[in-house]
Amino acid sequence: MQNTTTLLAPSILSADFTKLAESVALAEKAGADWIHCDVMDGHFVPNISFGPFIVKAVAQCTGLTIDTHLMISDPDTYIPDFIKAGSHQVTVHQETCAHLHRSIQLIRSLGAKAGVSINPATPVSTLESIMPDLDLVLLMSVNPGFGGQKFIPASLEKVEQLHAMRNKRNPNMLIAVDGGVTVDNAEDLVSRGADALIAGTAFFKAENPAEAAKIIKSASR
Ligand code: DX5
Ligand code: ZN
């Protein structure tokens, strides 16, 4: 699939949680396509963020796609709760799923789109068999756990590898990149094959979020 405009997914992890509804409205007004919800359990990643309760509140604030990124151990236990909370797409980590195909089937059976995320140290090749069953891959370009980290340059080559594999195995699957995305690296990421860019700091902490959104969304192949 070739997108004409880049999909933008602001991560609410970097939003002002005392003004969650306003933050979501800001993203919506700036042309965001998805709202990215980063769920961290303090076990798989060294930080705790929020659970289905906040995802539900976000979903109630917007008609945008709720894109939930589960950085949690044993995701199968919680997938139904996050879909009930209003997630339209749910992404699990390859590193946390002993039976990845089963987790993907579970997400899809509950009516949501299914994604798999891989850490910077996990090779793209690990997705080859599961790719035909995926709606998206979320390529981590930082080690998951925190917003505001520096983009890992080796991720660029992984975007290209994913793009080549996607063309062969599942042309409808989207490639999303998460971590350290900025107005400066957006074009490079999209030209190598990214369809969607997750932006926490680059959007919510920007001096002018609307302008940042415009630049990121206009990145093209
Ligand atoms: C990292 C999260 C990211 C993060 C992005 O663990 O999965 O979604 O919030 O934040 P920035 O864009 O600030 O790197
Ligand atoms: Zn994320």
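All figures in this text were calculated on a predicted structure; none of them were measured in a lab. When a ligand or atom number is given, it counts from 1 through the structure's own listing order.
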Among all protein heavy atoms, pick the one closest to [atom] and tell me residue, atom and distance.
atom                    : answer
atom 6 (O) of ligand 1  : G145 N, 2.7 Å
atom 10 (O) of ligand 1 : G147 CA, 3.6 Å
atom 13 (O) of ligand 1 : T201 OG1, 2.5 Å
atom 9 (O) of ligand 1  : D38 OD2, 2.9 Å
atom 12 (O) of ligand 1 : G200 N, 2.8 Å
atom 1 (C) of ligand 1  : F146 O, 3.5 Å

Applying a strict under-4.5 Å side-chain criterion to I, L, V, M, F, W and Y, I'd like to know whether I152 and M140 cluster together. no
Are [X] and [Y] close enough that some pair of their side-chain heavy atoms sits under 4.5 Å apart?
X    : Y    : answer
L127 : L162 : yes
L13  : M40  : yes
D184 : F151 : no
V177 : S155 : no
L139 : I118 : yes
S11  : H69  : no
L110 : F82  : no

What atoms of ligand 1 come within less than 4.0 Å of a heavy atom belonging to [X]?
X    : answer
P144 : 6 (O)
M40  : 6 (O)
H69  : 7 (O)
H36  : 8 (O)
G179 : 14 (O)

Specify which N/O/S atom of D38 comes nearest to the Zn ion (ligand 2), by atom name. OD1
Specify whether F50 and F17 have parallel, tilted or perpendicular ring planes, treating 30° as the upper limit for parallel and 60° as the lower limit for perpendicular. tilted
Calculate the angle formed at the Zn ion (ligand 2) by ND1 in H69 and OD2 in D178; 10° precision is enough. 90°
Of D74, N119, I72, which is the lone residue that meets side-chain contact (heavy atoms from CB on, under 4.5 Å) with F44? N119
So for A202, does at least one of its heavy atoms come nearer than 4.0 angstrom to any atom of ligand 1? no
Heavy-atom contact check, 4.0 Å cutoff: does M71 meet ligand 1? yes
Region of S11 that comes within reach of ligand 1 [heavy atoms, distance under 4.0 Å]: side chain
Can you tell me which portion of D178 lies within the under-4.0 Å heavy-atom range of ligand 1? Options are side chain, backbone, both, or neither. side chain
Spacing of CD1 belonging to I198 relative to CD1 belonging to I35, to within rounding of 0.5 Å: 10.5 Å
Any N or O on V181 sitting closer than 3.5 Å to an N or O of ligand 1? no
Say whether G180, considering both its backbone and side-chain N or O atoms, lies within less than 3.5 Å of an N or O atom on ligand 1. yes
Under a 4.0 Å N-O cut-off, is there an ion pair linking D195 with R221? yes
